[in-house]
Amino acid sequence: MRAQLERLVLIGVLGAMAGLGIWMQVNLLEPAENKTAAPLTNEPDYYIQNFTATGRDEAGVIYVLKAERLAHFPIDNTALLDKPHLVQYQEGKPARQTTSESGWMSGDGSEVLLTGNVEVTQFRTDADPGSVTRTQRLSVRLDRGS
């Protein structure tokens, strides 16, 4: 009688292990349903009102870029700027101010394309009377070499 009981327990344990193995294979080891990611659109994912960015290097501030609004596009990390206002600083030279109706910032933030009534004002110094330049389109590098 005891041998039969041990045999039944052994068969029960083996059956439970087989059932557990099948359950694990079906539920845990099979890949989950492929969920497709939401398609990237050309719509902005966020906006910033009264945007300000300050560029710096080891010598200090090299530019301050402001805009009434920035719209960020995640598909290429670019940004659209409404009414941008850029002031650039270079050691030993007067500040240069640039304004326009709109702008497009590159994905890495190293360049801005300004469009629509672009006005560049080079401030005067004792040795230079300064200047004002107007155009409809201007590309500006936001680094020391601009």
Side-chain angles (χ1 to χ4, degrees), residues 7-146:
R7 188 178 294 177
L8 286 174
V9 170
L10 181 59
I11 291 173
V13 169
L14 290 175
M17 288 178 58
L20 181 62
I22 292 170
W23 175 80
M24 287 178 62
Q25 188 172 19
V26 170
N27 291 322
L28 299 179
L29 300 179
E30 286 189 9
E33 291 180 23
N34 290 337
K35 294 182 180 178
T36 57
L40 291 175
T41 66
N42 203 23
E43 296 295 320
D45 61 344
Y46 62 85
Y47 297 92
I48 300 174
Q49 298 292 341
N50 299 317
F51 167 79
T52 301
T54 303
R56 301 176 190 275
D57 68 2
E58 58 280 344
V61 175
I62 56 174
Y63 70 85
V64 175
L65 175 63
K66 296 181 178 186
E68 286 183 8
R69 184 179 79 142
L70 174 143
H72 178 262
F73 295 87
I75 202 162
D76 57 1
N77 202 34
T78 58
L80 177 65
L81 304 169
D82 293 338
K83 304 256 188 241
H85 178 257
L86 173 66
V87 179
Q88 295 170 282
Y89 304 96
Q90 196 167 7
E91 193 173 333
K93 295 185 178 182
R96 179 173 50 222
Q97 171 182 280
T98 308
T99 60
S100 69
E101 292 175 7
S102 65
W104 193 261
M105 185 183 298
S106 64
D108 64 359
S110 67
E111 190 171 354
V112 176
L113 175 63
L114 301 169
T115 56
N117 296 322
V118 180
E119 184 173 290
V120 181
T121 304
Q122 183 72 46
F123 294 110
R124 60 180 290 174
T125 65
D126 293 336
D128 185 354
S131 65
V132 175
T133 304
R134 292 179 182 89
T135 186
Q136 286 301 309
R137 186 176 170 100
L138 176 68
S139 179
V140 179
R141 297 237 2 119
L142 297 176
D143 57 16
R144 184 54 80 187
S146 52

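Just so it is clear, the model here is predicted, and its values are computed rather than measured.
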Non-hydrogen atoms of [X] and [Y] that approach each other most closely:
X: Val112; Y: Met105; result: CG2-CG, 4.3 Å
X: Tyr89; Y: Val64; result: CE1-CG2, 4.2 Å
X: Arg124; Y: Pro129; result: CB-O, 3.3 Å
X: Gly109; Y: Tyr63; result: O-OH, 4.4 Å
X: Gly103; Y: Pro84; result: N-CG, 3.9 Å

Under the side-chain contact (heavy atoms from CB on, under 4.5 Å) test, residues paired with [X] that sit two or more places apart:
X: Thr135; result: Val118, Leu138
X: Ser102; result: Thr115
X: Ser139; result: Glu111, Leu113

The side-chain hydrogen bond (donor to acceptor under 3.5 Å, both in side chains) partners of Ser106 (sequence neighbours excluded) come to Asp108
Sorted by chain and number, sequence neighbours left out, side-chain hydrogen bond (donor to acceptor under 3.5 Å, both in side chains) with Thr99 holds for none
With sequence neighbours left out, the residues meeting salt bridge (Lys or Arg N to Asp or Glu O under 4.0 Å) with Glu119 are Arg134
Quick note, side-chain hydrogen bond (donor to acceptor under 3.5 Å, both in side chains) partners involving residues 68-86, not counting sequence neighbours, are Asp45-His72, Arg69-Asp82, His72-Asn77, Asp76-Thr78, His85-Gln97
Given the options Leu86, Val140, Val87, Leu65 meets side-chain contact (heavy atoms from CB on, under 4.5 Å) only with Leu86
Name the atoms and distances for all side-chain donor-acceptor pairs under 3.5 Å in residues 46-54, with sequence neighbours left out.
none

In short, ring pair (Phe, Tyr, Trp, His ring centres under 6.0 Å) pairs touching residues 100-126 with sequence neighbours left out are Phe73-Trp104
Separation between OG1 (Thr98) and CD (Gln122), nearest 0.5 Å, reads 9.0 Å
